*Asks:* 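Here it is, the structure, as C-alpha cells.
Since the model is a prediction, treat every value here as computed from it, not as a measurement.
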Amino acid sequence: MDLELAGKVVLITGGSDGLGAALVRTLAAEGARVAFCARDADRLNRLAAEVAPTAAAGAEFLPVPADVTRLADLERFVEQAVGRWGRIDGLVNNAGRSAAGPFASHTDEVWDADLQLKVHSTVRLTRLALPHLRAAGGGSVINTLAIAAKTPGAGSTPTSVSRAAGLALTKALSKELGPDGIRVNAVLIGLLESGQWDRRAAERGIGVDELYAELSRGSDIPLGRVGRAQDFADLAAFLLSPRAGYLTGVGINLDGGLSPAP
Ligand SMILES: NC(=O)c1ccc[n+]([C@@H]2O[C@H](COP(=O)([O-])OP(=O)(O)OC[C@H]3O[C@@H](n4cnc5c(N)ncnc54)[C@H](OP(=O)(O)O)[C@@H]3O)[C@@H](O)[C@H]2O)c1
C-alpha cells in the first residue's frame with residue numbers, strides 16, 4: 001500500500017530517540033519532509049546523519065533543538081519548518097517521559113512539570129500548527145499517550161491524569177477540526193522498546209533484553225512481549241497518511257492486548 005506520504009511535511013516532538021526516532025526513520029523511507037525536535041542537539045544531528053543515506057528520494061530532514069515546555073522554542077520549531085517548506089501536513093505530539101508513583105509524594109512542582117510537558121506543550125504546538133494545517137487544506141494530528149489515559153491504576157499519577165487530558169483534547173479537537181479536514185487521533189502506548197527503557201536498564205545494571213523479559217512477564221501482555229518502536233512508527237505513519245482519511249477522534253491502544261479497555 002502506498003501511504004502517499006511523499007512530500008508531506010510532518011513535525012514530530014521527541015524525535016531523537018525511541019518512538020519518535022523510529023517514526024522519523026519510517027517517514028524518511030516514505031519520502032516525507034520531517035522536522036523533529038528534542039532538547040539534545042547532538043542526538044538530533046546524529047539521527048539526521050544516520051537517516052539521510054537510506055532515505056527515499058525527496059525526503060528531507062530538519063532537526064530542531066527545542067524544549068517543548070518553552071513557548072519560544074515551539075514557535076521557533078514551527079517557524080523553521082514553515083520557513084523551509086511553506087506548509088504543515090502532520091503533527092505528532094510525542095515528547096514525554098514517565099512520571100508516576102505514590103500520590104502523596106508528588107508536589108505541586110511535579111504536577112506542574114508533568115502538565116507542562118504533556119498537556120500544555122500539546123495545546124500550544126497544536127494551536128501554532130493549526131493555521132498551517134488549515135492552509136494546507138487539512139492534515140493529521142497524533143497525540144502519543146499511554147493506556148493509563150483510559151484505565152488509570154494505583155500509583156499512576158500524574159501521568160494518568162495528563163494522559164486522560166490528552167485523550168479528551170484529542171476527542172474535542174477531532175470534532176472541532178473535522179470540518180477543516182484535520183483529523184486528530186491518539187496512540188495509547190502500553191510497553192514499547194525505547195530509549196527510556198535503555199536508560200532504566202543501565203541504571204539497574206542489567207541488559208535491556210533482561211528488562212523487557214521482566215516487563216513482559218510482570219505485565220502479562222497477551223501477545224507475550226514488549227512491543228517495538230517500529231510498531232508505533234507503522235501505526236503513526238498510517239494515521240498520518242491520506243489512507244487513514246476517514247479515521248479521526250480515536251484513541252488506539254498499542255499494547256499487545258494489555259489494556260482491559262477496548
Ligand atoms: N515506551 C513506552 O513504553 C511508553 C509507554 C507509555 C507512554 N510512552 C510515551 O511515548 C512517548 C515517547 O516515549 P519514548 O518511550 O520513545 O521515550 P524516549 O525513548 O525517552 O524518547 C523521548 C524523546 O522525547 C524527547 N524529549 C523529552 N523531553 C522533552 C522536552 N521537554 N522537549 C523536547 N523533547 C523532549 C527526548 O529527547 P531529549 O531528552 O533530548 O529532549 C527523546 O527524543 C512519550 O510521550 C512517552 O511518555 C512510552
Side-chain angles (χ1 to χ4, degrees), residues 5 7-28 30 32-52 55 59-97 113-136 138-145 162 165-166 169-170 173 177 180 182-187 194-196 232-233 236-237 239-240:
L5 284 169
K8 298 281 186 200
V9 174
V10 179
L11 274 62
I12 304 171
T13 68
S16 68
D17 202 358
L19 313 188
L23 183 56
V24 171
R25 292 185 184 98
T26 296
L27 294 179
E30 295 293 327
R33 297 178 286 179
V34 189
F36 53 108
C37 80
R39 293 164 301 177
D40 182 335
D42 289 344
R43 204 160 50 168
L44 282 168
N45 291 329
R46 276 201 303 276
L47 179 64
E50 173 216 307
V51 167
E60 293 180 42
F61 313 97
L62 181 61
V64 179
D67 182 336
V68 296
T69 64
R70 296 187 185 152
L71 177 60
D73 286 16
L74 294 176
E75 288 171 339
R76 189 166 41 78
F77 184 37
V78 170
E79 278 162 17
Q80 288 194 13
V82 173
R84 175 146 168 196
W85 296 310
R87 59 185 291 134
I88 297 176
D89 301 292
L91 168 64
V92 185
N93 292 299
N94 170 74
R97 66 167 176 271
D114 201 58
L115 290 165
Q116 285 294 339
L117 176 62
K118 295 174 182 161
V119 181
H120 295 303
S121 67
T122 297
V123 168
R124 291 178 182 134
L125 186 56
T126 307
R127 194 170 52 213
L128 288 166
L130 186 53
H132 306 288
L133 290 163
R134 282 191 167 127
S140 172
V141 177
I142 299 173
N143 297 320
T144 309
L145 305 175
S162 302
L169 181 69
T170 300
L173 286 183
L177 304 182
D180 294 320
I182 301 169
R183 299 178 294 103
V184 188
N185 294 295
V187 179
S194 73
Q196 63 170 295
F232 169 79
L239 290 173
L240 285 167

*Asks:* Among all residues two or more places apart in sequence or in another chain, which pass the salt bridge (charged side-chain N to carboxylate O under 4.0 Å, His left out) test with Lys8?
*Replies:*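 Here no residue qualifies.
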*Asks:* To the nearest 0.5 Å, what is the distance between CD1 (Ile88) and CG (Leu11)?
*Replies:*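 The CD1 atom of Ile88 sits 5.0 Å away from the CG atom of Leu11.
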*Asks:* When rounded to the nearest 0.5 angstrom, what distance separates OG1 in Thr144 from CG in Asn185?
*Replies:*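 Between atom OG1 of Thr144 and atom CG of Asn185 there are 11.5 Å.
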*Asks:* Kindly say whether Thr69 contributes a backbone atom to a donor-acceptor pair with the side chain of Asp67 at under 3.5 angstrom?
*Replies:*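 Side chain of Asp67 to backbone of Thr69: a pair is present.
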*Asks:* For Asp114, enumerate each residue passing the side chain to side chain contact (heavy atoms under 4.5 Å, CB included) test, keeping only those at least two apart in sequence or located in another chain.
*Replies:*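 Asp114 satisfies side chain to side chain contact (heavy atoms under 4.5 Å, CB included) with Ala99, Lys118, Pro158, Thr159, Ser162 only.
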*Asks:* Could you tell me if the side chain of Leu130 sits less than 4.5 Å from the side chain of Leu177, heavy atoms only?
*Replies:*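 Counting from C-beta outward, Leu177 and Leu130 do come under 4.5 Å.
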*Asks:* How far apart are the C-alpha atoms of Leu44 and Val64, what are their side-chain angles, what is the distance that settles it, and do they pass the side-chain contact (heavy atoms from CB on, under 4.5 Å) test?
*Replies:* CA-CA 7 Å; Leu44 282 168; Val64 179; 5.7 Å; no
*Asks:* List the atom of Ile182, the atom of Gly138, and the distance in Å for their closest heavy-atom pair.
*Replies:*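 Heavy atoms of Ile182 and Gly138 come nearest at CG1-CA, 4.0 Å.
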*Asks:* Please enumerate all residues that pass salt bridge (charged side-chain N to carboxylate O under 4.0 Å, His left out) together with Arg87, with sequence neighbours excluded.
*Replies:*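 With sequence neighbours excluded, Arg87 shows a salt bridge (charged side-chain N to carboxylate O under 4.0 Å, His left out) to Asp89, given in chain and number order.
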*Asks:* Once rounded to the nearest 0.5 Å, what's the spacing between atom CG of Asn93 and atom CG of Leu125?
*Replies:*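 It is 5.0 Å, given to the nearest 0.5 Å.
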*Asks:* Does the pair Val141 and Leu173 meet the rule for a side-chain contact (heavy atoms from CB on, under 4.5 Å), with working shown?
*Replies:* CA-CA 10 Å; Val141 177; Leu173 286 183; over 6 Å; no
*Asks:* Do any N or O atoms from the side chain of Ser140 and from the backbone of Leu239 form a donor-acceptor pair under 3.5 angstrom?
*Replies:*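 Checking the backbone N and O of Leu239 against the side chain of Ser140, a donor-acceptor pair under 3.5 Å is found.
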*Asks:* Looking only at heavy atoms, what is the nearest atom pair of Phe77 and Ala35, with distance?
*Replies:*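 Here Phe77 and Ala35 meet closest at CZ-O, 3.7 Å.
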*Asks:* Just wondering, do Leu47 and Pro63 contact through their side chains at under 4.5 Å, heavy atoms?
*Replies:*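 A side-chain contact is absent here, since even the closest heavy-atom pair is not under 4.5 Å.
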*Asks:* Could you give the distance from CZ (Arg43) to CG (Asp17), rounded to the nearest 0.5 Å?
*Replies:*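 Arg43 atom CZ to Asp17 atom CG measures 4.5 Å (nearest 0.5 Å).
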*Asks:* Between Gly166 and Leu145, what is the shortest heavy-atom contact and its length?
*Replies:*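 Residues Gly166 and Leu145, closest heavy atoms: C-CD1, 3.7 Å.
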*Asks:* Closest approach of Leu74 and Ser121, non-hydrogen atoms and distance?
*Replies:*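 Closest approach of Leu74 to Ser121, heavy atoms only: CD1-O, 3.9 Å.
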*Asks:* Quick one: salt bridge (charged side-chain N to carboxylate O under 4.0 Å, His left out) partners of Glu75, sequence neighbours excluded?
*Replies:*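 Glu75: no salt bridge (charged side-chain N to carboxylate O under 4.0 Å, His left out) contacts found.
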*Asks:* Is the shortest side-chain heavy-atom distance between Ile142 and Leu240 below 4.5 Å?
*Replies:*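 Answer yes - side chains close enough.
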*Asks:* Which heavy atom of Gly96 sits nearest to which heavy atom of Leu117, and what is that distance?
*Replies:*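 It is CA-CD2, 3.9 Å.
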*Asks:* By salt bridge (charged side-chain N to carboxylate O under 4.0 Å, His left out), which residues pair with Arg84, not counting sequence neighbours?
*Replies:*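 Per chain and number, Arg84 pairs via salt bridge (charged side-chain N to carboxylate O under 4.0 Å, His left out) with Glu60.
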*Asks:* When you measure from the side chain of Asn94 to the backbone of Thr13, do you find a donor-acceptor pair of N or O atoms at a distance under 3.5 Å?
*Replies:*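 Checking the backbone N and O of Thr13 against the side chain of Asn94, a donor-acceptor pair under 3.5 Å is found.
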*Asks:* Could you tell me whether a side-chain N or O of Arg124 sits under 3.5 Å from a main-chain N or O of Arg70, the two making a donor and an acceptor?
*Replies:*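 Such a contact is absent between Arg124 side chain and Arg70 backbone.
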*Asks:* List the atom of Gly15, the atom of Val24, and the distance in Å for their closest heavy-atom pair.
*Replies:*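 The pair with the smallest heavy-atom distance is O-CG2, 3.7 Å.
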*Asks:* Thr170 vs Asn143, test: side-chain hydrogen bond (donor to acceptor under 3.5 Å, both in side chains). Steps then yes/no.
*Replies:* CA-CA 7 Å; Thr170 300; Asn143 297 320; 3.0 Å; yes
*Asks:* Counting N and O atoms only, with roles assigned by atom type, does the side chain of Arg97 sit under 3.5 Å from a partner on the main chain of Gln196, one being a donor and the other an acceptor?
*Replies:*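 The answer is no, because no donor-acceptor pair under 3.5 Å joins these two groups.
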*Asks:* Less than 4.5 Å apart, side chain to side chain, heavy atoms only: is that true for Val10 and Leu23?
*Replies:*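 They are not in side-chain contact.
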*Asks:* Applying side-chain hydrogen bond (donor to acceptor under 3.5 Å, both in side chains), name anything that partners Asp40, two or more places apart in sequence or on another chain.
*Replies:*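 With neighbours one apart ignored, the set is empty.
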*Asks:* Tell me if a side-chain donor or acceptor on Arg33 pairs with a main-chain N or O of Gly7 at a distance below 3.5 Å.
*Replies:*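 Yes, the answer is positive, given that a donor and an acceptor are paired below the 3.5 Å cut-off.
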